[in-house]
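Letters A, B, ... are given to chains in the order of the sequence lines, protein chains preceding strands, and every chain is numbered from 1.
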Amino acid sequence: MNFSVLTSQFWSLCLSGLSLGLIYVLISLGYTMVYGVLRLINFANSEIFMVGTFATVWVETGLTGHTSNSNPLHGFQLVYTLLFALVVSMLASGLTAIAVEFLAYRRLRARGTNRLASLISAIGMSIILSESARILTHSRPQASPRLMEKTSFGHIAGANFRIDTVLVVISALLMFFALDRFVNKSRLGKAIRAVSMSEENAKLMGINLNRVISVTFLIGGLMTGAAAFFFMTVYETTKFNVGFNLGLAAFTAAVLGGIGNLRGAFFGGIALGLLETMSAAVLGSQWKSVTVFVVLVLVLLVRPNGIFGEAIQQTRV
Amino acid sequence: MNKNSTRVLGAAAAAFLALGTLTATSAHAATTVTIAFQGPLTGDAAQAGQDELAGFKYALAVYNASKPAVKVNMIQVDDQGSGSVAATVAPGVAKNKAVIGLVGSAYSGASANSFPSYIAAGLTMVSPSASRVTLTTPQAPDFGGPVFHRVVGNDSVQGPALARYATKGVTAPAVYLVDDQSPYGAGLAQYTAPGLTKVKATTVGTDHILPTTGTDWSATTAKVLASKANVVIYCGYDVDAGAFVKSLRDGGYTGVFASGDGSATASFAKAAGNAAAKDARLTEGDTPFDNVATAAQKKAFTAASGVKVAGGYVTNTINALNVFLTCIKQGKTTRAAIATCVSTGKFPNFTGGTFSFEAWGDVKGGAPIGAYKVDATGAIIYVGQA
């Protein structure tokens, strides 16, 4: 155990953990939104994330012609390119999510098939997407260029406030709160919550179930696409199987916080990001996964619905 | 025509056809044989395999252009540098009777998982780069004898060389040693650690990471910064090493970054970006092709492989293939004859002189370890022996 790292790097680790955790939060929204309305895990969400990362690479290299060693952009050109990459990544993931809903869920739901069939078809979609990317990229990692110079705003209490980390933290927080407000205040958000509470009653109230479910997949996909963009901004590399570990982590975050619960996903993601970073620093990187799952099991033993599963049930999607 | 005449004619035709097939087979065996190349041709480690494949194609083209009595064909076997993939592709190669020898695998884990198939089939292997010590240790469970040979120095040679080179010219070296928990990375780290003691460096920390695409290196970076290390040694592969050094430089680390042959490919600088990769110190059990080849050889290399600039382990791959080609020139065209020839013969070294193998498959007298530095354009430059 290496506690000495905490004396000089505590706040730096907190900032890294927070940034990683907020990426988990955005991905976990894809799981938690779908679970909220369908009571099913969308196993293809990890590949929806992967599609977003490739869309970001496509914009940043294919469209702008940047290479991994091009000079960083500045000013308006930088803002415009990053915003464009964010929008394309969100759209690519959002549309993929709608396609997954249409192909893997809707037909089966219409025929009243067993829930397990939908689960398996989602896994099938996940494998199709992942293997297609593997074949198209010859299994090789794809790097995105460094469009934004990783300048520092300065050090506060030893933490390096780097521009990419700050961008992820602020943007992800804004996105989460915007989504939370949308779900709780807007008409469509209320319809999503109504479906989540009772599909039958929502139908009787005249809510178009298919439309609400498609919108839910779309919103989950948009959030996952945003996570993909932020991930590429910080880590700058992707691969056909990039979604596996991140998807697993985000799913764990959703369960930890209380799956089906937006605010649960938020706290679960941040808790997981911090836990991973701190355990890797103190215990060693080899203990990171062990620590995370030991904590998850312990939490579920005490609170089977996740940390916030019961406390904020009313805010459920 | 009665029934008996039909039978006699049928038997004669069958005998004629059988004789014809036999003659054709014998003639085919005498004029054309196949050598396989096995390595990662796709996946994360593809750069290493593609580099070696280029060397293989060059040496083969040179041989076949010399109008030999026995022509040599090649087949490519993609194991993605992964032990599990190797275990699935090796049985097919072993069953292919046309293959009388195999250059590869590039990686130790993939080599070890191929052994059961190749040992059972008596198929001799010569690896250009698989450096895990136990592959040539008779008591080890992953011992590859009698089929496995290699032309690269093993990790017990590379580890201390990496320690020497990483700390060279550094005042009071404080080293942070990180490995990727792979059989290769952990093995190299195991032999690097005592090497650090020998050069009077202080090991200020260690970490064992299991990198995947998108691994967050910030915790390891924070530990390196907190330890005040001025040398970081990473025992693992190129893409992960690139991501790690990028995280270190972004985090403000300004000391030496060093890594072994797993990182000595163009993928390292691609993953890191030229700015972060600059000045990284790399070791490799190979002498660069461009440093020993003539202008005509370089031109022939590009013509044969389609690769403009030779990458890592090209010279070793040429040496590995030349082991088989030397035996074939001597008329050894069966797996059994090749096995005897490889274990007892002397073979030309592309850098000059000859070499032969020890009983368990290593090169007699050891193989040299080269020292390399990454320049500002991401190119890996040879700077001498480590």
Side-chain angles (χ1 to χ4, degrees), chain A residues 2 4-10 12-13 15-17 19-20 23 50 53 67-69 134-135 137-143 145-146 150 152 155 158 160 162 164-165 231-232 234-246 249 273 276-282 284-289, chain B residues 40-47 50 78 80-82 85 178-181 186 204-228 238-240 242-244 246-247 249-252 267 269-278 376-378:
Chain A
N2 176 16
S4 63
V5 68
L6 298 180
T7 54
S8 64
Q9 296 290 324
F10 179 77
S12 193
L13 288 165
L15 193 60
S16 302
S19 157
L20 179 66
I23 290 175
M50 177 269 295
T53 62
T67 66
S68 58
N69 294 305
R134 186 183 69 75
I135 292 163
T137 59
H138 306 285
S139 310
R140 305 195 66 168
Q142 310 289 312
R146 181 162 290 190
K150 298 202 171 176
S152 174
H155 289 73
N160 182 2
R162 227 170 51 196
D164 56 328
T165 317
F231 173 82
M232 291 307 291
V234 176
Y235 300 103
E236 300 172 344
T237 303
T238 185
K239 204 180 154 194
F240 72 96
N241 60 1
V242 68
F244 182 79
N245 284 302
L246 282 138
E276 279 193 355
T277 309
M278 291 297 177
S279 61
V282 175
S285 299
Q286 69 273 33
W287 290 102
K288 187 170 75 176
S289 299
Chain B
L41 300 176
T42 59
D44 270 1
Q47 190 66 53
Q50 296 289 354
D78 181 13
Q80 296 188 10
S82 146
V85 177
V178 182
D179 72 75
D180 68 354
Q181 297 191 77
V204 292
T206 59
D207 200 7
H208 316 279
I209 198 156
L210 189 63
T212 54
T213 311
T215 291
D216 179 48
W217 293 89
S218 59
T220 309
T221 298
K223 284 191 281 189
V224 169
L225 294 173
S227 72
K228 310 273 184 219
D238 46 9
V239 175
D240 305 319
F244 183 29
K246 188 153 66 171
S247 172
R249 299 299 183 210
D250 286 344
S267 294
K270 261 186 217 165
N274 292 349
K278 187 175 170 282
T377 66

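Checking side-chain atoms of K150(A) against main-chain N and O of G251(B) turns up no donor-acceptor pair under 3.5 Å. Using a distance-only test at 3.5 Å, with no hydrogens or angles considered, a donor-acceptor pair links the side chain of D78(B) to the main chain of L41(B). Between the side chain of T277(A) and the backbone N or O of G273(A), at least one donor-acceptor pair lies under 3.5 Å. No side-chain donor-acceptor contact under 3.5 Å links K288(A) to the backbone of I209(B).
With a threshold of 4.5 angstrom between heavy atoms, L210(B) does not approach chain A through any atom at all. Interface remark: A143(A) contributes side-chain atoms only to the contact with chain B (heavy atom separation under 4.5 Å). Heavy atoms closer than 4.5 Å to chain B are found in both the backbone and the side chain of Q286(A). Contact annotation for A222(B): both backbone and side-chain heavy atoms come within less than 4.5 Å of a heavy atom of chain A. Of the atoms belonging to S267(B), it is side-chain heavy atoms, and not backbone ones, that fall under 4.5 Å from chain A.
Contact count versus chain A (heavy atoms, under 4.5 Å) is highest, among L225(B), D250(B), T377(B), for D250(B). Your options are A243(B), A272(B), A46(B), S227(B), and the one with the most heavy-atom pairs under 4.5 Å with chain A is A46(B). Contacts with chain B were tallied for E276(A), R162(A), M278(A), R134(A); R162(A) has the most, counting heavy-atom pairs under 4.5 Å. Interface summary for chain A: among Q47(B), Q181(B), H208(B), Q80(B), the most heavy-atom pairs under 4.5 angstrom belong to H208(B).
Checking S12(A) against N160(A) by side-chain atom types alone, no donor-acceptor pair falls below 3.5 Å.
Contact between A269(B) and G378(B) at its shortest, heavy atoms only, is CB-O, 3.6 Å.
For the pairing with V242(A), the side-chain contact (heavy atoms from CB on, under 4.5 Å) check across M232(A), M50(A), Q142(A) returns one residue only, M50(A).
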